[in-house]
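So that the names make sense, note that chain A is the first sequence line, chain B the second, and so on, each numbered from 1. FYI, side chains are in, hydrogens and waters are out, and symmetry mates aren't considered; it's all heavy atoms of this structure.
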Protein chains: 2
Amino acid sequence: MDSKIETLPEQKKTEPQSLHLRILHDVESKIVSGAWAPGFRIPFETEMAKDYGCSRMTVNKALTQLTRAGLLERSRKSGTFVKAPQSLSAALEITNIRDEVEKAGKTYSYRLLSDNPNASRPDFLSCLGASAFCDIRKVKCLHFADGVPFCFEERIISRNAVPEVDAASFEQEAPGAWLFKTVPWNSAEHQISACAATGEAAEFLDIACGTACLMVERITQNSKGYVTWARLSYPGEQHRLFAKFTPTG
Amino acid sequence: MDSKIETLPEQKKTEPQSLHLRILHDVESKIVSGAWAPGFRIPFETEMAKDYGCSRMTVNKALTQLTRAGLLERSRKSGTFVKAPQSLSAALEITNIRDEVEKAGKTYSYRLLSDNPNASRPDFLSCLGASAFCDIRKVKCLHFADGVPFCFEERIISRNAVPEVDAASFEQEAPGAWLFKTVPWNSAEHQISACAATGEAAEFLDIACGTACLMVERITQNSKGYVTWARLSYPGEQHRLFAKFTPTG
DNA sequence: GAGCACCATATGTATAGACATAATAAAGAT
DNA sequence: ATCTTTATTATGTCTATACATATGGTGCTC
């Protein structure tokens, strides 16, 4: 209780106490931030052990767990590689609508509806703490399956978090697919709801106003902050989200 | 191509090659099957090491990973315990609708609509390979939030997989809640879709036919086979499924 | 009985060493 | 040139050991 000015604790937030957890989080953040992009061969166990001044087993423990979590791919002799973020939860990962359509045996096509490369901050996002979405590109597009409207997509991309977006064209390629291959690991929040189709959505999807729609809203972020927001509207009862869960996966 | 009768391969399916994986799967199956129920104190590391004739570290590796996966809870001195299957995927785990309603600050109530303890096999499930659902109990019920219909539930419970169901009453307690505390670990498949309310559902939910509904269908199984099927219908746009995903969780 | 010091114990972490295994690369034989 | 053998290398697994740490239990004191 004396008046001595105390220095702040060393650890920023929740600095892991054990070494293998620290290594695990170090590697994870390098991957999530994009410093180690998918396909990159990360240092060998022996190298990291030397860097951290610890035994190989300690590094091994961290890397083994990241492999189980799906962030890494390892093979003998070749080394350890950052895995492509292909399945951020198997079923709800609907980034690539093309795959979704083609897996159903249908022909995919795509049309850009509108593209505002320098839009102002939207108002409907204020509730989400997404104040980071101030300098954005705003895109609307439509996905077709066998020529029939399959999904109406409204998307916002942060120009701060993804500077490369200025050079991208969404005439031929959907923003979702472009982001998927451009932005490294990230985390996502989904909201799924049913709604009655209104105005724009009904018009583009070519369905009557009031028809039941499945709506998926997703906010994606990585270490640089909020990356993108998307609202996907699927018409009628034709679409189903499928998810399977087991304890260990 | 000769006519010699071959013996089946020793291993049933994919017998893990390494010891710590074998231990991991042994423990997991004991938990999933219910042999080790939630709360049960599993043998100490040293005991299991002796049983398997291996070092404690090998057992530790298996148990540590099961702990990360959420199947176990460990504490020093006390031992290792089977965890309650509380979050088989955080957001989509909607087994307990009461919690869901009360978390939204509303008052929960429940009403049993119909109960057929000895129903015949339903036809609409044939596509799911759920031929195990032949001897079933069929229940319909309604969940309320502040007195307003919140969710219409149709449920089928396998009397083979859950023999105890014959003694259960669903007058006061919803079948979902009863199953949650009765049946041990399991895996689940979800299908989420939007639909227009029809007939029964519209009537009980007190909404107009054609109103958009969020429909969640779930099939649950454990080591004894298919346990239960449920269809939950949420009226209008009032309900949202929320899910957050990060690489490691 | 309440409070306290102390011990026993199960997990948590880390290590150095050992050998297995798979995949690549290099050297050798045909 | 192509096939084969061999060596190299990084990961995969396992051990025996060591000490740290949290915590339930025991017994002591007051």
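- Look at Ser78(A) and you won't find any side-chain N or O under 4.0 angstrom from OP1 or OP2 of dT11(D).
- Among residues at least two apart or in separate chains, ring-ring contact (aromatic ring centres under 6.0 Å, His included) pairs with a member in residues 38-85 of chain A are Trp36(A)-Phe40(A).
- The salt bridge (charged side-chain N to carboxylate O under 4.0 Å, His left out) analysis of residues 29-41 of chain A, with sequence neighbours excluded, yields the pairs Arg41(A)-Glu47(A).
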Working for side chain to side chain donor-acceptor pair (under 3.5 Å), residues Thr46(B) and Arg56(B): CA-CA 6 Å; Thr46(B) 46; Arg56(B) 181 172 79 92; over 6 Å; no

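- First and last contacts of DNA chain C with chain A, using any nucleotide atom under 4.0 Å from a protein heavy atom and ordered 5' to 3', fall at dT13(C) to dT24(C).
- Shown here are the salt bridge (charged side-chain N to carboxylate O under 4.0 Å, His left out) partners of Asp166(A), two or more places apart in sequence or in another chain: Arg159(A).
- Whole-Å rounding puts the Met48(A) CE to dT11(D) P distance at 10 Å.
- The distance from atom CZ of Phe44(A) to atom P of dT9(D) is 10 Å, rounded to the nearest whole Å.
- With sequence neighbours left out, the salt bridge (charged side-chain N to carboxylate O under 4.0 Å, His left out) criterion links Glu153(A) to Arg155(A).
- Residues forming a ring-ring contact (aromatic ring centres under 6.0 Å, His included) with Phe170(A) (at least two apart in sequence, or on another chain): Trp178(A).
- Distance CD (Gln65(A)) to P (dT11(D)): 16 Å, rounded to an integer number of Å.
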Quick one: what's the B/S/- string for nucleotides 12-22 of chain D, heavy-atom cutoff under 4.0 Å, read 5' to 3'? BBBBBBB--BB

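- By the ring-ring contact (aromatic ring centres under 6.0 Å, His included) test, His20(A) is found to be paired with no residue, residues two or more places apart in sequence or in another chain being considered.
- Residues satisfying the salt bridge (charged side-chain N to carboxylate O under 4.0 Å, His left out) test with Glu102(A), not counting sequence neighbours, are Arg98(A).
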